[in-house]
Amino acid sequence: QVQLVESGGGLVQAGGSLKLSCAASGSGFSINAMGWYRQAPGKQRELVATITRGSSTTYVDSVKGRFTISRDNAKNTVYLQMNSLKPEDSALYYCNANVPSYYGTSTNYWGQGTQVTVSS
């Protein structure tokens, strides 16, 4: 159906930057909202940022002013630019895409996750 492939994770020092990418592929689909989640060991998965088809965005308070979510609808790709990274940002980051099917229904697809590690 729909596959999400993430890239861009890695190891950086505190204060550094990373840019995550997530490309959606499949047949004849459209995407409503997209988002980034993260999950650190021993913690619940957390919603980091969302973006609508029209590029309205939301952010969790802890990343506001440091992270920027964007999307390229023609490429079915969502990005997360992460600046001023902190050790507490370390987590497995997951891409999510909400894909409509029939009227009143939709499906959330998930990427496999990309690891972000910020050293102090």
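Quick caveat: nothing in here was measured; it's all calculated off a predicted structure.
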Fill in the blank from the handout: Rounded to the nearest 0.5 Å, the SG atom of C95 sits from the CE atom of M34 at a distance of 4.5 Å
Handout entry: Least distance between heavy atoms, A14 atom then S120 atom
Key = CB-CA, 4.5 Å
Problem - Check: T114 side chain, G9 main-chain N or O, donor-acceptor pair, under 3.5 Å - result: yes
Handout entry: Residue pair R53 / N73, side-chain donor-acceptor N/O under 3.5 Å
Key = no
Practice task
Start with the C-alpha gap between L80 and K19, add the side-chain angles, then the distance that decides, and say whether side chain to side chain contact (heavy atoms under 4.5 Å, CB included) holds.
Solution key: CA-CA 6 Å; L80 186 67; K19 186 174 184 178; over 6 Å; no
Completion exercise
Closest non-hydrogen atoms of L20 and M82, given as atom of the first, atom of the second and distance, are CG-CE, 3.7 Å
Fill in the blank from the handout: For S62 and E46 the tightest heavy-atom approach is OG-OE2, 4.3 Å
Practice task
With the side chain counted from C-beta on, respond yes when Q112 and L4 share a heavy-atom pair under 4.5 Å apart, and no when they do not.
Solution key: no
Practice task
Mind running side chain to side chain contact (heavy atoms under 4.5 Å, CB included) on V78 and I51 for me, showing each step along the way?
Solution key: CA-CA 9 Å; V78 63; I51 184 166; 4.0 Å; yes
Handout entry: N83 versus S17, side-chain donor and acceptor atoms under 3.5 Å
Key = yes
Completion exercise
Contacts of R71 meeting salt bridge (Lys or Arg N to Asp or Glu O under 4.0 Å) (sequence neighbours excluded), chain-then-number -> none
Handout entry: Hydrophobic cluster membership, Y59 vs V118, 4.5 Å side-chain cutoff
Key = yes
Problem - Point-to-point distance, once rounded to the nearest 0.5 Å, from CG of N32 to CG of N98 - result: 5.0 Å
Practice task
Mind running side chain to side chain contact (heavy atoms under 4.5 Å, CB included) on W36 and C22 for me, showing each step along the way?
Solution key: CA-CA 9 Å; W36 289 95; C22 173; 3.7 Å; yes
Completion exercise
Nearest heavy-atom approach of S90 to A40 is O-CB, 3.8 Å
Completion exercise
Between the OG1 atom in T52 and the CD1 atom in I31, the distance rounded to the nearest 0.5 Å is 12.5 Å
Practice task
Supply the members, apart from Y94, of the Ile/Leu/Val/Met/Phe/Trp/Tyr cluster built from side-chain contacts under 4.5 Å; use none for a lone residue.
Solution key: Y37, L47, L92, W110
Exercise for the section: Tell me whether Y79 is reachable from F67 by hopping between hydrophobic residues (I, L, V, M, F, W, Y) whose side-chain heavy atoms are closer than 4.5 Å. Expected result: no
Exercise for the section: Taking E6 for its side chain and G113 for its backbone only, find out whether a donor-acceptor pair lies under 3.5 Å. Expected result: yes
Exercise for the section: Answer with yes or no whether the side chains of T58 and T50 bring together a donor and an acceptor at under 3.5 Å. Expected result: yes
Problem - S106 and S101, any side-chain heavy atoms less than 4.5 Å apart - result: no
Practice task
Would you give the length of the straight line joining atom CZ of R66 to atom OG of S84, rounded to the nearest 0.5 angstrom?
Solution key: 7.0 Å
Practice task
Start with the C-alpha gap between Y109 and N96, add the side-chain angles, then the distance that decides, and say whether side chain to side chain contact (heavy atoms under 4.5 Å, CB included) holds.
Solution key: CA-CA 6 Å; Y109 291 89; N96 173 270; over 6 Å; no
Problem - Exceeds 12 heavy-atom contacts within 6.0 angstrom, atom CD of Q3 - result: no
Practice task
Can you run down the disulfide bond (SG atoms under 2.5 Å apart) pairs that involve residues 39-93, sequence neighbours left out, and say none if there aren't any?
Solution key: none
